[in-house]
Amino acid sequence: MVFSEILINWYEQNKRDLPWRKTTNPYHIWLSEIILQQTRVNQGLTYYNKFVNTFPDIKDLATADEEKILKLWQGLGYYSRARNLHFSAKYITNELNGKFPNTYKDLLKLKGVGDYTASAIASISYNKPCAVVDGNVYRVLARYFGIKTAINSPEGIKYFKKLATQLLDINNPATFNQAIMEFGAIQCKPKNPDCNTCPLQNSCKAFSNKTIDKLPVKHKKLTIKNRFFNYLVIINANNNIIINQRTGKGIWENLYEFPLIETHQEIDINELILMDEFQQIITEKSEISLFNHKPITHKLSHQHLSVKFWIITTKKKYKNSISLDRLKKYPVPTLINNFIEVYF
DNA sequence: AATTCGGGGGT
DNA sequence: ACCCCAGAATT
């Protein structure tokens, strides 16, 4: 048996029962692929169901408010995916008269759709012979063929794409692509792969070379920044709370949060009330207390946030303050959501 | 070519 | 503490 046959046989016997495997509807496949970018199946599953149910047709997504989409996306991370999803839904609905692109080339024009996702939709929805190369495919191929080229180098990206294209079963691209990814996720896992029951064991280069745990090779350059956030949880006399929307670039774009003062290090209450930013926001006599004496550490992939929530009660009525019920309808970062759930 | 976009889970 | 996840856009 050839490589693709072994994988497809394995897939038919071991595949998980997942909702996006019951359809070839390009809108649904697109939704699933965007949600699953850099995201585990288990984490994305509930979000997929929420989106399919809330927006049954792409037109429903196109006509929705961005805020509603971000709220539904809340907690999933990489929020540009949600904004691009909205943008592309409007593009398909309005510019393409609702007709979903059906070629790799046209799919690639969608915001938020790169080489992987265009190949995935083209193959799964339209059975086009486009090979996908995701993290699973890199790992399976690097191990099986004993390839030491870094998967995130320009040569590696080209090489693995070419190899995957050669291996693709052009008679069944949809199944082959899903088979190799599922195989990587379940059998040829990053840690402790199950080589003992692997149908490719006797021809696997890394297994015979005992280099399973050294492949794939990946250049890593991750510098983690430490940042210090002070959130001002300002509660009016009428129990309203002040909230701002993040604008511009950076983390959590277009999501909401409390007024934020960022500092270069951890500060105490005396340092806080002396800051210009603080005095510009808090102009009335107020009561200030600290919600958490130990800063909360919130870890993002490339930033570690050290966060203090300052509770400020005042009799002043701020214009942009809202009720707690309203607040809970706004899309907020998980950090803020965790606070809201514990404090309120 | 390198960096920046989250959050959760595994080791 | 470090790695990875059905990656893409930006610099």
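Predicted model, so just to flag it, every value in this text is computed and none were measured. A note on names: the letters A, B, ... follow the listed sequences, proteins ahead of strands, and every chain is numbered from 1.
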- [ ] Scan A:Thr117 against the nucleic acid and name what it touches under 4.0 Å (heavy atoms): base, sugar-phosphate only, or nothing.
- [x] sugar-phosphate
Open item on the list: My understanding is that only residues two or more places apart in sequence, or in another chain, count here; which of them pass ring-ring contact (aromatic ring centres under 6.0 Å, His included) with A:Tyr330?
Closed with: A:Tyr256
Task: Inter-nucleotide P distance (B:dG6, C:dT10), Å rounded - done: 14 Å
Open item on the list: Side-chain N or O of A:Thr334 versus OP1/OP2 of B:dG7: is the shortest distance under 4.0 Å?
Closed with: yes
- [ ] Please state how far atom NZ in A:Lys221 lies from atom P in B:dA2, giving the value in whole angstrom units.
- [x] 5 Å
Task: Dot-bracket line, read 5' to 3' along DNA chain B, where crossing pairs take [ ] and | marks a partner on another strand, Watson-Crick or G-U under 3.5 Å - done: |||||.|||||
- [ ] Describe the nucleic acid contact of A:Lys249 in one word from base, sugar-phosphate, nothing, applying a heavy-atom distance below 4.0 Å.
- [x] sugar-phosphate
TODO: Examine A:Phe291 together with A:Tyr231 and report whether their ring centres are nearer than 6.0 Å.
DONE: no
- [ ] Give A:Gln303 one of three labels, base, sugar-phosphate or nothing, depending on what nucleic acid heavy atoms sit under 4.0 Å from its own.
- [x] sugar-phosphate
Task: A:Ile340 side chain near A:Asn338 side chain, heavy-atom distance below 4.5 Å - done: no
- [ ] Side-chain contact test, heavy atoms from C-beta onward, threshold under 4.5 Å: evaluate it for A:Val52 versus A:Trp20 and give yes or no.
- [x] no
Open item on the list: Regarding A:Arg139, tell me which of base, sugar-phosphate or nothing describes its non-hydrogen contacts under 4.0 Å with the strands shown.
Closed with: sugar-phosphate
TODO: For A:Asp115, report the nucleic acid contact type (base, sugar-phosphate, nothing); a contact means any heavy atom under 4.0 Å.
DONE: sugar-phosphate
Task: Aromatic contact, A:Trp73 with A:Phe51 (centres under 6.0 Å) - done: yes
Task: Between P of B:dC5 and CG of A:Leu70, the distance in whole Å - done: 16 Å
TODO: Sticking with atom C1', work out how far C:dA6 lies from B:dT11, rounded to a whole angstrom.
DONE: 22 Å
- [ ] Go through the steps for A:Gln187 and A:Thr197 under the test side chain to side chain donor-acceptor pair (under 3.5 Å), then give the verdict.
- [x] CA-CA 9 Å; A:Gln187 183 99 24; A:Thr197 66; 2.9 Å; yes
TODO: Could you check whether A:Trp73 gets within reach of a base, just the sugar-phosphate, or nothing at all, counting any heavy atom under 4.0 Å?
DONE: nothing
Open item on the list: Please compare A:Asn192 and A:Pro333 by the position of their nearest nucleotide in DNA chain B and report the one closer to 5'.
Closed with: A:Pro333
What pairs of donor and acceptor atoms, side-chain ones from residues 104-117 of chain A against any protein atom, are under 3.5 angstrom apart with sequence neighbours left out?
residue  : atom : partner  : partner atom : Å
A:Tyr104 : OH   : A:Asp115 : OD1          : 2.5
A:Asp106 : OD1  : A:Lys109 : NZ           : 3.0
A:Asp106 : OD2  : A:Thr103 : OG1          : 3.4
A:Asp115 : OD1  : A:Lys161 : NZ           : 3.3
A:Asp115 : OD2  : A:Lys161 : NZ           : 3.1
A:Tyr116 : OH   : A:Glu33  : OE1          : 2.7
A:Thr117 : OG1  : A:Gln37  : NE2          : 2.9

Open item on the list: Need two values: the first and the last nucleotide of DNA chain C, 5' to 3', having an atom under 4.0 Å from any heavy-atom of chain A.
Closed with: C:dC3 to C:dT11
Open item on the list: Under 4.0 Å, counting only non-hydrogen atoms across every strand here, what does A:Gly184 touch: a base, just sugar-phosphate, or nothing?
Closed with: nothing
TODO: Mark yes or no: A:Lys50 above the aromatic ring of A:Tyr47, with NZ or CZ under 6.0 Å from the six-membered ring centre and no more than 45 degrees from the axis.
DONE: yes
Open item on the list: Any salt bridge linking A:Glu284 with A:Lys315? Criterion: basic side-chain nitrogen under 4.0 Å from a carboxylate oxygen.
Closed with: no
Open item on the list: Assess, by modelled atom type and distance only, whether the side chains of A:Trp252 and A:Glu257 contain a donor and an acceptor separated by less than 3.5 Å.
Closed with: no
TODO: Could you give the distance separating B:dG9 and C:dA8 at their P atoms, to the nearest angstrom?
DONE: 24 Å
Open item on the list: Applying a 4.0 Å non-hydrogen cut-off, can you work out what A:Val113 is touching in the nucleic acid: base, sugar-phosphate, or nothing?
Closed with: sugar-phosphate
Task: Selection: residues 35-44 of chain A, any non-hydrogen atom under 4.0 Å of DNA chain C - done: A:Leu36, A:Gln37, A:Gln38, A:Thr39, A:Arg40, A:Val41
Task: A:Thr223, nearest nucleotide to its side chain (from B:dA2, B:dG6, B:dT4) - done: B:dT4
- [ ] Name the nucleic acid region contacted by A:Arg21, choosing base, sugar-phosphate or nothing; use a 4.0 angstrom heavy-atom cut-off, strictly under.
- [x] base
TODO: For A:Glu66, enumerate each residue passing the side chain to side chain contact (heavy atoms under 4.5 Å, CB included) test, keeping only those at least two apart in sequence or located in another chain.
DONE: A:Leu70, A:Arg83, A:His86, A:Asn254
